[in-house]
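In the text below, chain A, chain B and the rest are named by the order of the sequence lines, each starting its count at 1.
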2 protein chains.
Amino acid sequence: MGRLSRARVLDAALALADRDGIAKLSMRRLGAELGVEAMTLYYYVPNKDAVLDGLVERIVASVAPRPSGPRAVWMGEFAHAFRAELLRHPAVVPLVATRPVATPEALAAVERAAAALVAEGLAPLRAFQLLNAVTTFVIGHTLAELDPEGARSRHEPPVATAELPCLAQALAAGLGTRADHDERFEAAIKALLAGIE
Amino acid sequence: MGRLSRARVLDAALALADRDGIAKLSMRRLGAELGVEAMTLYYYVPNKDAVLDGLVERIVASVAPRPSGPRAVWMGEFAHAFRAELLRHPAVVPLVATRPVATPEALAAVERAAAALVAEGLAPLRAFQLLNAVTTFVIGHTLAELDPEGARSRHEPPVATAELPCLAQALAAGLGTRADHDERFEAAIKALLAGIE
DNA sequence: TGACCATTTTTACGCTGTAAGACAAGCTGT
DNA sequence: ACAGCTTGTCTTACAGCGTAAAAATGGTCA
(Lines give C-alpha, C1' and ligand atoms only; values in the text may rest on other atoms or scores of the structure.)
Protein backbone atom coordinates (compact mmCIF):
# COMPACT_ATOMS: atom_id res chain seq x y z
CA MET A 1 0.00 0.00 0.00
CA GLY A 2 1.45 3.29 -1.19
CA ARG A 3 1.59 6.55 0.64
CA LEU A 4 -1.53 8.08 2.10
CA SER A 5 -3.11 11.20 0.64
CA ARG A 6 -6.38 13.04 0.55
CA ALA A 7 -7.17 11.29 -2.72
CA ARG A 8 -6.55 7.86 -1.24
CA VAL A 9 -8.63 8.73 1.80
CA LEU A 10 -11.49 9.74 -0.45
CA ASP A 11 -11.08 6.61 -2.55
CA ALA A 12 -11.36 4.48 0.55
CA ALA A 13 -14.29 6.52 1.86
CA LEU A 14 -16.19 6.10 -1.39
CA ALA A 15 -15.48 2.39 -1.49
CA LEU A 16 -16.51 1.99 2.13
CA ALA A 17 -19.71 3.98 1.65
CA ASP A 18 -20.59 2.01 -1.47
CA ARG A 19 -19.94 -1.27 0.26
CA ASP A 20 -21.43 -0.72 3.71
CA GLY A 21 -23.54 2.45 3.44
CA ILE A 22 -22.80 5.98 4.65
CA ALA A 23 -24.03 5.15 8.13
CA LYS A 24 -21.03 2.85 8.51
CA LEU A 25 -18.58 5.46 7.31
CA SER A 26 -16.84 6.51 10.51
CA MET A 27 -13.37 7.93 10.88
CA ARG A 28 -12.22 4.86 12.81
CA ARG A 29 -13.57 2.45 10.22
CA LEU A 30 -12.13 4.52 7.41
CA GLY A 31 -8.78 4.53 9.13
CA ALA A 32 -8.91 0.78 9.62
CA GLU A 33 -9.70 0.41 5.93
CA LEU A 34 -6.42 2.17 5.21
CA GLY A 35 -4.47 0.33 7.89
CA VAL A 36 -4.14 3.37 10.06
CA GLU A 37 -5.59 4.90 13.25
CA ALA A 38 -8.52 7.28 12.94
CA MET A 39 -6.56 10.32 14.02
CA THR A 40 -4.06 9.83 11.22
CA LEU A 41 -6.75 10.83 8.74
CA TYR A 42 -6.83 14.28 10.29
CA TYR A 43 -3.44 14.90 8.79
CA TYR A 44 -4.96 14.71 5.31
CA VAL A 45 -8.40 16.08 5.96
CA PRO A 46 -9.57 18.72 8.45
CA ASN A 47 -12.60 16.78 9.69
CA LYS A 48 -15.27 14.32 8.70
CA ASP A 49 -17.38 16.92 6.93
CA ALA A 50 -14.48 17.46 4.57
CA VAL A 51 -14.54 13.76 3.76
CA LEU A 52 -18.23 13.96 2.93
CA ASP A 53 -17.65 17.09 0.87
CA GLY A 54 -14.93 15.14 -0.89
CA LEU A 55 -17.36 12.38 -1.79
CA VAL A 56 -19.71 14.94 -3.29
CA GLU A 57 -16.77 16.35 -5.19
CA ARG A 58 -15.97 12.94 -6.61
CA ILE A 59 -19.47 12.55 -8.02
CA VAL A 60 -19.87 16.12 -9.21
CA ALA A 61 -16.51 16.19 -10.95
CA SER A 62 -17.13 12.92 -12.74
CA VAL A 63 -19.81 14.19 -15.10
CA ALA A 64 -20.09 17.28 -17.25
CA PRO A 65 -22.33 18.46 -20.04
CA ARG A 66 -20.72 18.33 -23.48
CA PRO A 67 -22.44 20.96 -25.61
CA SER A 68 -22.72 20.24 -29.32
CA GLY A 69 -25.77 20.38 -31.51
CA PRO A 70 -29.28 21.00 -30.21
CA ARG A 71 -29.29 21.96 -26.56
CA ALA A 72 -32.16 19.70 -25.51
CA VAL A 73 -30.19 16.73 -26.80
CA TRP A 74 -26.89 17.18 -25.00
CA MET A 75 -28.67 18.41 -21.91
CA GLY A 76 -30.66 15.21 -21.94
CA GLU A 77 -27.46 13.22 -22.32
CA PHE A 78 -25.96 15.08 -19.41
CA ALA A 79 -29.00 14.33 -17.28
CA HIS A 80 -28.80 10.65 -18.12
CA ALA A 81 -25.08 10.51 -17.42
CA PHE A 82 -25.53 12.25 -14.08
CA ARG A 83 -28.32 9.91 -13.08
CA ALA A 84 -26.23 6.90 -14.08
CA GLU A 85 -23.33 8.13 -11.98
CA LEU A 86 -25.61 8.67 -9.00
CA LEU A 87 -27.09 5.20 -9.36
CA ARG A 88 -23.54 3.85 -9.44
CA HIS A 89 -23.00 5.25 -5.94
CA PRO A 90 -26.38 5.03 -4.23
CA ALA A 91 -24.97 5.57 -0.76
CA VAL A 92 -23.59 8.95 -1.73
CA VAL A 93 -26.76 10.30 -3.32
CA PRO A 94 -28.15 11.67 -0.04
CA LEU A 95 -24.91 13.59 0.40
CA VAL A 96 -25.04 15.03 -3.09
CA ALA A 97 -28.65 15.98 -2.48
CA THR A 98 -28.06 17.49 0.92
CA ARG A 99 -24.66 19.17 0.89
CA PRO A 100 -23.77 22.18 -1.19
CA VAL A 101 -20.90 21.88 -3.61
CA ALA A 102 -18.12 22.99 -1.31
CA THR A 103 -14.61 21.93 -2.26
CA PRO A 104 -12.52 23.98 -4.70
CA GLU A 105 -12.26 21.07 -7.12
CA ALA A 106 -16.02 20.57 -7.15
CA LEU A 107 -16.66 24.26 -7.60
CA ALA A 108 -14.14 24.33 -10.43
CA ALA A 109 -15.95 21.47 -12.12
CA VAL A 110 -19.22 23.36 -11.92
CA GLU A 111 -17.54 26.48 -13.23
CA ARG A 112 -16.16 24.50 -16.15
CA ALA A 113 -19.61 23.16 -16.97
CA ALA A 114 -21.10 26.63 -16.87
CA ALA A 115 -18.29 28.02 -18.98
CA ALA A 116 -19.05 25.44 -21.65
CA LEU A 117 -22.64 26.65 -21.79
CA VAL A 118 -21.52 30.27 -21.86
CA ALA A 119 -19.27 29.41 -24.78
CA GLU A 120 -22.42 28.18 -26.50
CA GLY A 121 -23.86 31.65 -26.22
CA LEU A 122 -25.79 31.53 -22.95
CA ALA A 123 -25.57 34.29 -20.38
CA PRO A 124 -23.82 33.10 -17.20
CA LEU A 125 -27.01 33.41 -15.17
CA ARG A 126 -28.95 31.38 -17.73
CA ALA A 127 -26.19 28.80 -17.83
CA PHE A 128 -26.38 28.20 -14.09
CA GLN A 129 -30.15 28.26 -14.10
CA LEU A 130 -30.22 25.59 -16.78
CA LEU A 131 -27.59 23.48 -15.05
CA ASN A 132 -29.39 23.91 -11.77
CA ALA A 133 -32.78 22.99 -13.14
CA VAL A 134 -31.42 19.76 -14.59
CA THR A 135 -29.19 18.65 -11.73
CA THR A 136 -31.85 19.53 -9.21
CA PHE A 137 -34.37 17.45 -11.08
CA VAL A 138 -32.02 14.50 -11.52
CA ILE A 139 -31.13 14.49 -7.84
CA GLY A 140 -34.76 14.63 -6.79
CA HIS A 141 -35.72 11.83 -9.09
CA THR A 142 -32.79 9.63 -8.13
CA LEU A 143 -33.42 10.12 -4.43
CA ALA A 144 -36.95 8.85 -4.88
CA GLU A 145 -35.61 5.94 -6.88
CA LEU A 146 -33.23 4.93 -4.10
CA ASP A 147 -35.40 5.16 -1.02
CA PRO A 148 -37.26 1.87 -1.46
CA GLU A 149 -34.12 -0.26 -1.35
CA GLY A 150 -33.04 1.19 1.95
CA ALA A 151 -36.55 0.87 3.31
CA ARG A 152 -36.93 -2.78 2.38
CA SER A 153 -33.68 -3.77 3.99
CA ARG A 154 -34.76 -2.29 7.29
CA HIS A 155 -37.37 -4.91 8.09
CA GLU A 156 -39.58 -7.38 6.34
CA PRO A 157 -43.12 -6.00 5.92
CA PRO A 158 -42.83 -4.49 2.44
CA VAL A 159 -46.01 -2.48 2.87
CA ALA A 160 -49.38 -3.05 4.51
CA THR A 161 -51.38 -3.03 1.29
CA ALA A 162 -54.48 -4.20 3.10
CA GLU A 163 -55.95 -0.75 3.62
CA LEU A 164 -54.08 0.94 0.79
CA PRO A 165 -55.93 -0.33 -2.27
CA CYS A 166 -54.70 2.32 -4.69
CA LEU A 167 -51.10 1.76 -3.71
CA ALA A 168 -51.56 -2.00 -3.92
CA GLN A 169 -52.98 -1.72 -7.43
CA ALA A 170 -50.26 0.66 -8.54
CA LEU A 171 -47.56 -1.63 -7.19
CA ALA A 172 -49.14 -4.58 -8.96
CA ALA A 173 -49.19 -2.50 -12.14
CA GLY A 174 -45.45 -1.95 -11.90
CA LEU A 175 -45.00 1.19 -9.78
CA GLY A 176 -41.45 1.41 -8.49
CA THR A 177 -39.89 -1.09 -10.86
CA ARG A 178 -36.73 -0.19 -12.67
CA ALA A 179 -38.64 0.14 -15.92
CA ASP A 180 -41.14 2.46 -14.27
CA HIS A 181 -38.37 4.71 -12.98
CA ASP A 182 -36.56 4.76 -16.30
CA GLU A 183 -39.72 5.59 -18.17
CA ARG A 184 -40.76 8.35 -15.80
CA PHE A 185 -37.30 9.85 -15.78
CA GLU A 186 -37.27 9.87 -19.55
CA ALA A 187 -40.68 11.50 -19.82
CA ALA A 188 -40.05 14.10 -17.13
CA ILE A 189 -36.62 15.21 -18.33
CA LYS A 190 -37.97 15.51 -21.84
CA ALA A 191 -40.88 17.63 -20.63
CA LEU A 192 -38.59 19.76 -18.54
CA LEU A 193 -36.10 20.43 -21.31
CA ALA A 194 -38.83 21.06 -23.86
CA GLY A 195 -40.49 23.55 -21.54
CA ILE A 196 -37.36 25.55 -20.72
CA GLU A 197 -36.40 26.18 -24.34
CA MET B 1 -47.71 20.77 30.50
CA GLY B 2 -50.17 17.99 29.85
CA ARG B 3 -49.56 14.30 29.48
CA LEU B 4 -46.92 12.98 27.15
CA SER B 5 -47.83 11.19 23.92
CA ARG B 6 -46.36 10.31 20.58
CA ALA B 7 -48.01 13.41 19.15
CA ARG B 8 -46.46 15.68 21.77
CA VAL B 9 -43.08 14.05 21.27
CA LEU B 10 -43.32 14.75 17.54
CA ASP B 11 -44.50 18.31 18.20
CA ALA B 12 -41.46 18.93 20.35
CA ALA B 13 -39.16 17.22 17.86
CA LEU B 14 -40.43 19.38 15.01
CA ALA B 15 -40.10 22.53 17.07
CA LEU B 16 -36.60 21.58 18.18
CA ALA B 17 -35.52 20.72 14.64
CA ASP B 18 -36.95 23.96 13.30
CA ARG B 19 -35.26 25.99 16.01
CA ASP B 20 -31.82 24.36 16.28
CA GLY B 21 -31.50 22.15 13.20
CA ILE B 22 -31.80 18.37 12.84
CA ALA B 23 -28.21 17.88 13.92
CA LYS B 24 -29.19 19.09 17.38
CA LEU B 25 -32.17 16.77 17.59
CA SER B 26 -30.99 14.09 20.00
CA MET B 27 -33.09 11.93 22.26
CA ARG B 28 -31.58 13.56 25.34
CA ARG B 29 -32.23 17.07 24.09
CA LEU B 30 -35.72 16.13 23.00
CA GLY B 31 -36.39 14.67 26.40
CA ALA B 32 -35.10 17.79 28.11
CA GLU B 33 -37.38 19.85 25.89
CA LEU B 34 -40.29 17.89 27.34
CA GLY B 35 -38.98 17.97 30.90
CA VAL B 36 -38.19 14.29 30.92
CA GLU B 37 -35.23 11.92 30.68
CA ALA B 38 -34.24 10.60 27.25
CA MET B 39 -35.29 7.05 28.01
CA THR B 40 -38.82 8.14 28.80
CA LEU B 41 -39.34 8.87 25.12
CA TYR B 42 -38.89 5.19 24.36
CA TYR B 43 -42.20 4.54 26.02
CA TYR B 44 -43.92 6.52 23.26
CA VAL B 45 -41.67 5.77 20.33
CA PRO B 46 -39.66 2.65 19.50
CA ASN B 47 -36.47 4.49 18.57
CA LYS B 48 -35.06 7.65 17.09
CA ASP B 49 -35.72 6.59 13.52
CA ALA B 50 -39.40 6.49 14.39
CA VAL B 51 -39.17 10.10 15.52
CA LEU B 52 -37.63 11.08 12.19
CA ASP B 53 -40.27 9.09 10.34
CA GLY B 54 -42.81 10.96 12.41
CA LEU B 55 -41.43 14.29 11.28
CA VAL B 56 -41.75 13.18 7.67
CA GLU B 57 -45.29 12.10 8.42
CA ARG B 58 -46.11 15.54 9.78
CA ILE B 59 -45.00 17.24 6.59
CA VAL B 60 -46.46 14.69 4.19
CA ALA B 61 -49.84 14.64 5.92
CA SER B 62 -50.11 18.41 5.96
CA VAL B 63 -50.59 18.87 2.22
CA ALA B 64 -52.77 17.12 -0.31
CA PRO B 65 -53.83 17.75 -3.90
CA ARG B 66 -57.41 18.96 -4.25
CA PRO B 67 -58.58 17.93 -7.71
CA SER B 68 -61.11 20.21 -9.40
CA GLY B 69 -60.99 21.67 -12.85
CA PRO B 70 -58.00 21.32 -15.18
CA ARG B 71 -55.43 18.95 -13.84
CA ALA B 72 -52.41 21.12 -14.59
CA VAL B 73 -53.93 23.84 -12.44
CA TRP B 74 -54.62 21.97 -9.23
CA MET B 75 -51.44 19.96 -9.63
CA GLY B 76 -49.58 23.24 -9.83
CA GLU B 77 -51.34 24.43 -6.71
CA PHE B 78 -50.42 21.23 -4.94
CA ALA B 79 -46.80 21.67 -5.95
CA HIS B 80 -46.76 25.22 -4.64
CA ALA B 81 -48.42 24.24 -1.39
CA PHE B 82 -45.97 21.39 -0.87
CA ARG B 83 -43.01 23.63 -1.54
CA ALA B 84 -44.36 26.26 0.86
CA GLU B 85 -44.76 23.65 3.57
CA LEU B 86 -41.22 22.39 3.02
CA LEU B 87 -39.83 25.93 3.19
CA ARG B 88 -41.74 26.38 6.43
CA HIS B 89 -39.67 23.54 7.95
CA PRO B 90 -36.29 23.75 6.26
CA ALA B 91 -34.59 21.52 8.78
CA VAL B 92 -36.90 18.64 7.95
CA VAL B 93 -36.52 18.82 4.18
CA PRO B 94 -33.48 16.54 4.10
CA LEU B 95 -35.50 13.96 6.01
CA VAL B 96 -38.42 14.19 3.62
CA ALA B 97 -35.98 13.88 0.73
CA THR B 98 -34.07 10.99 2.19
CA ARG B 99 -36.49 8.79 4.07
CA PRO B 100 -39.28 6.82 2.49
CA VAL B 101 -42.80 7.49 3.68
CA ALA B 102 -42.94 4.93 6.45
CA THR B 103 -45.56 5.49 9.14
CA PRO B 104 -49.14 4.27 8.70
CA GLU B 105 -50.52 7.80 8.96
CA ALA B 106 -48.17 9.08 6.28
CA LEU B 107 -48.94 6.15 4.01
CA ALA B 108 -52.64 6.73 4.56
CA ALA B 109 -52.23 10.37 3.55
CA VAL B 110 -50.52 9.32 0.34
CA GLU B 111 -53.23 6.76 -0.32
CA ARG B 112 -55.88 9.44 0.17
CA ALA B 113 -54.13 11.73 -2.31
CA ALA B 114 -53.91 8.95 -4.87
CA ALA B 115 -57.55 8.00 -4.31
CA ALA B 116 -58.56 11.56 -5.09
CA LEU B 117 -56.79 11.35 -8.42
CA VAL B 118 -58.29 7.95 -9.14
CA ALA B 119 -61.71 9.45 -8.46
CA GLU B 120 -60.87 11.94 -11.19
CA GLY B 121 -60.54 9.11 -13.63
CA LEU B 122 -56.83 8.22 -13.48
CA ALA B 123 -55.62 4.67 -13.23
CA PRO B 124 -53.96 3.99 -9.86
CA LEU B 125 -50.55 3.55 -11.47
CA ARG B 126 -50.90 6.85 -13.33
CA ALA B 127 -52.06 8.57 -10.16
CA PHE B 128 -48.95 7.54 -8.26
CA GLN B 129 -46.71 8.33 -11.18
CA LEU B 130 -48.13 11.81 -11.41
CA LEU B 131 -47.92 12.36 -7.66
CA ASN B 132 -44.42 11.00 -7.65
CA ALA B 133 -43.24 13.14 -10.51
CA VAL B 134 -44.47 16.28 -8.83
CA THR B 135 -43.36 15.57 -5.24
CA THR B 136 -40.01 14.31 -6.46
CA PHE B 137 -39.49 17.49 -8.42
CA VAL B 138 -40.60 19.75 -5.58
CA ILE B 139 -38.30 18.01 -3.12
CA GLY B 140 -35.35 18.24 -5.46
CA HIS B 141 -35.93 21.89 -6.12
CA THR B 142 -36.46 22.77 -2.48
CA LEU B 143 -33.34 20.92 -1.40
CA ALA B 144 -31.29 23.01 -3.79
CA GLU B 145 -32.98 26.10 -2.51
CA LEU B 146 -32.06 25.30 1.07
CA ASP B 147 -28.44 24.24 0.79
CA PRO B 148 -26.93 27.72 0.50
CA GLU B 149 -28.26 28.90 3.85
CA GLY B 150 -26.71 26.00 5.66
CA ALA B 151 -23.47 26.47 3.77
CA ARG B 152 -23.15 30.16 4.52
CA SER B 153 -23.70 29.68 8.21
CA ARG B 154 -20.85 27.24 8.41
CA HIS B 155 -18.08 29.74 7.89
CA GLU B 156 -17.55 33.13 6.38
CA PRO B 157 -16.01 32.84 2.90
CA PRO B 158 -19.20 32.96 0.81
CA VAL B 159 -17.38 31.68 -2.26
CA ALA B 160 -13.98 32.22 -3.83
CA THR B 161 -15.27 34.00 -6.91
CA ALA B 162 -11.75 34.97 -7.92
CA GLU B 163 -11.23 32.02 -10.25
CA LEU B 164 -14.90 31.33 -10.89
CA PRO B 165 -15.87 34.15 -13.26
CA CYS B 166 -19.05 32.56 -14.60
CA LEU B 167 -20.31 31.84 -11.11
CA ALA B 168 -19.40 35.35 -9.99
CA GLN B 169 -21.29 36.89 -12.89
CA ALA B 170 -24.30 34.67 -12.34
CA LEU B 171 -24.39 35.52 -8.65
CA ALA B 172 -24.15 39.21 -9.46
CA ALA B 173 -27.02 38.73 -11.92
CA GLY B 174 -29.20 37.32 -9.16
CA LEU B 175 -28.53 33.58 -9.10
CA GLY B 176 -29.73 32.05 -5.87
CA THR B 177 -31.94 34.91 -4.75
CA ARG B 178 -35.44 34.19 -3.57
CA ALA B 179 -36.86 35.71 -6.73
CA ASP B 180 -34.59 33.51 -8.83
CA HIS B 181 -35.75 30.38 -7.04
CA ASP B 182 -39.40 31.34 -7.25
CA GLU B 183 -39.13 32.09 -10.93
CA ARG B 184 -37.29 28.88 -11.76
CA PHE B 185 -39.69 26.80 -9.73
CA GLU B 186 -42.61 28.36 -11.52
CA ALA B 187 -41.12 27.80 -14.96
CA ALA B 188 -40.01 24.24 -14.28
CA ILE B 189 -43.22 23.01 -12.69
CA LYS B 190 -45.18 24.51 -15.54
CA ALA B 191 -42.96 22.79 -18.08
CA LEU B 192 -43.20 19.52 -16.22
CA LEU B 193 -46.98 19.57 -15.92
CA ALA B 194 -47.43 20.68 -19.51
CA GLY B 195 -45.20 17.88 -20.70
CA ILE B 196 -46.89 15.09 -18.75
CA GLU B 197 -50.37 15.87 -20.05
C1' DT C 1 -52.55 -3.74 53.28
C1' DG C 2 -50.73 -5.74 49.21
C1' DA C 3 -50.68 -6.63 44.34
C1' DC C 4 -50.80 -4.87 39.88
C1' DC C 5 -49.98 -1.41 36.60
C1' DA C 6 -48.33 2.56 33.78
C1' DT C 7 -44.73 5.55 33.64
C1' DT C 8 -40.18 7.31 34.57
C1' DT C 9 -35.47 7.15 35.98
C1' DT C 10 -30.85 5.00 36.70
C1' DT C 11 -27.16 2.83 35.18
C1' DA C 12 -24.37 0.98 31.73
C1' DC C 13 -22.24 -0.23 27.12
C1' DG C 14 -20.26 0.57 22.87
C1' DC C 15 -20.00 3.79 19.52
C1' DT C 16 -19.00 8.52 17.58
C1' DG C 17 -15.89 12.99 16.20
C1' DT C 18 -11.89 15.13 17.48
C1' DA C 19 -8.56 18.11 20.71
C1' DA C 20 -3.93 17.66 22.75
C1' DG C 21 0.15 15.85 23.02
C1' DA C 22 3.62 12.08 22.74
C1' DC C 23 6.37 9.49 19.76
C1' DA C 24 9.29 7.74 15.83
C1' DA C 25 11.78 8.35 11.56
C1' DG C 26 13.98 11.02 8.15
C1' DC C 27 16.15 15.26 6.45
C1' DT C 28 18.85 19.41 7.08
C1' DG C 29 22.62 22.31 8.47
C1' DT C 30 26.75 22.58 11.23
C1' DA D 1 28.37 12.82 14.24
C1' DC D 2 25.29 15.61 16.49
C1' DA D 3 21.36 18.65 17.09
C1' DG D 4 17.12 20.17 15.56
C1' DC D 5 13.21 20.42 12.61
C1' DT D 6 9.64 18.28 9.77
C1' DT D 7 6.52 14.76 8.61
C1' DG D 8 3.65 11.38 9.75
C1' DT D 9 1.48 8.38 13.10
C1' DC D 10 -0.28 6.89 17.44
C1' DT D 11 -2.12 7.36 22.39
C1' DT D 12 -4.98 9.13 25.44
C1' DA D 13 -8.97 11.50 26.72
C1' DC D 14 -13.53 13.81 26.64
C1' DA D 15 -18.15 14.81 25.72
C1' DG D 16 -21.82 13.31 23.35
C1' DC D 17 -24.72 9.78 21.01
C1' DG D 18 -28.65 5.71 20.79
C1' DT D 19 -30.51 2.43 23.57
C1' DA D 20 -30.75 -2.28 26.46
C1' DA D 21 -31.87 -3.67 31.09
C1' DA D 22 -33.33 -3.09 35.39
C1' DA D 23 -34.78 -0.44 39.10
C1' DA D 24 -37.66 3.07 41.11
C1' DT D 25 -41.95 5.76 41.41
C1' DG D 26 -46.69 6.57 41.99
C1' DG D 27 -51.60 5.51 41.40
C1' DT D 28 -55.58 2.38 41.33
C1' DC D 29 -58.05 -1.42 42.67
C1' DA D 30 -59.07 -5.74 45.63
Side-chain angles (χ1 to χ4, degrees), chain A residues 1-57 91-92 94-95 98-99 102-103 150-151 153-155, chain B residues 1-57 91-92 94-95 98-99 102-103 150-151 153-155:
Chain A
M1 40 184 78
R3 285 271 289 85
L4 228 45
S5 68
R6 182 186 112 106
R8 283 188 22 85
V9 168
L10 294 186
D11 286 345
L14 185 55
L16 181 52
D18 281 341
R19 172 156 45 81
D20 299 346
I22 338 110
K24 292 293 191 59
L25 173 54
S26 75
M27 296 303 273
R28 286 176 232 258
R29 245 186 252 273
L30 182 51
E33 207 75 11
L34 292 161
V36 114
E37 293 304 312
M39 289 309 291
T40 300
L41 303 175
Y42 286 81
Y43 189 80
Y44 300 96
V45 137
N47 51 47
K48 187 182 179 181
D49 266 18
V51 173
L52 302 184
D53 286 341
L55 294 186
V56 173
E57 171 190 314
V92 185
L95 298 184
T98 283
R99 310 177 72 84
T103 70
S153 69
R154 270 196 271 178
H155 38 359
Chain B
M1 39 187 77
R3 284 269 287 87
L4 227 45
S5 67
R6 182 186 113 105
R8 284 190 20 87
V9 168
L10 293 186
D11 286 346
L14 185 54
L16 180 53
D18 280 342
R19 173 156 46 80
D20 299 346
I22 339 112
K24 292 294 190 62
L25 172 54
S26 75
M27 296 302 273
R28 287 175 230 257
R29 246 185 252 274
L30 182 51
E33 207 76 9
L34 291 161
V36 114
E37 294 304 313
M39 289 310 291
T40 300
L41 303 174
Y42 287 80
Y43 189 80
Y44 300 95
V45 137
N47 51 45
K48 186 182 179 182
D49 267 17
V51 173
L52 302 183
D53 286 341
L55 294 186
V56 173
E57 170 190 314
V92 185
L95 297 184
T98 284
R99 310 176 72 83
T103 70
S153 70
R154 270 195 271 177
H155 38 0

At under 4.0 Å, does any side-chain N or O of B:Tyr43 touch on OP1 or OP2 of C:dT9? no

One should read off an interatomic distance between A:Leu34 CG and A:Leu16 CG, to the nearest 0.5 angstrom, of 9.0 Å

What is the distance, rounded to the nearest whole Å, between atom NZ of A:Lys48 and atom C1' of C:dT16? 8 Å

Specify the separation, in whole Å, of atom CE of B:Met27 and atom P of D:dA15. 23 Å

When we call it a touch if two heavy atoms are under 4.0 Å apart, what does B:Thr40 touch: a base, just sugar-phosphate, or nothing? base

DNA chain D nearest-nucleotide lookup for A:Arg28 and B:Lys24: closer to the 5′ end is A:Arg28

How long is the gap from CZ on B:Arg3 to OG on B:Ser5, to the nearest 0.5 Å? 8.0 Å

Rounded off to whole Å, could you give me the CD-to-P distance for the B:Glu37 and C:dA12 pair? 15 Å

Rounded to the nearest 0.5 Å, what separates atom CG in B:Leu10 from atom OG1 in B:Thr103? 8.5 Å

Between C:dA6 (C1') and B:Tyr42 (OH): distance, integer Å: 20 Å

Grab the CG-C1' distance between B:Asp49 and D:dT19 for me, whole Å please. 12 Å

note: A:Arg3, atom CZ; C:dA25, atom C1'; distance rounded to Å ~ 13 Å

Has A:Lys48 got a side-chain atom pairing as donor or acceptor with A:Leu25's backbone, closer than 3.5 angstrom? yes

Please compare A:Pro46 and A:Arg29 by the position of their nearest nucleotide in DNA chain C and report the one closer to 5'. A:Arg29

Measure from CE on B:Met39 to P on D:dT19 and round the result to the nearest Å. 9 Å

Here the distance between atom P of D:dC17 and atom CD1 of B:Ile22, to the nearest Å, is 15 Å

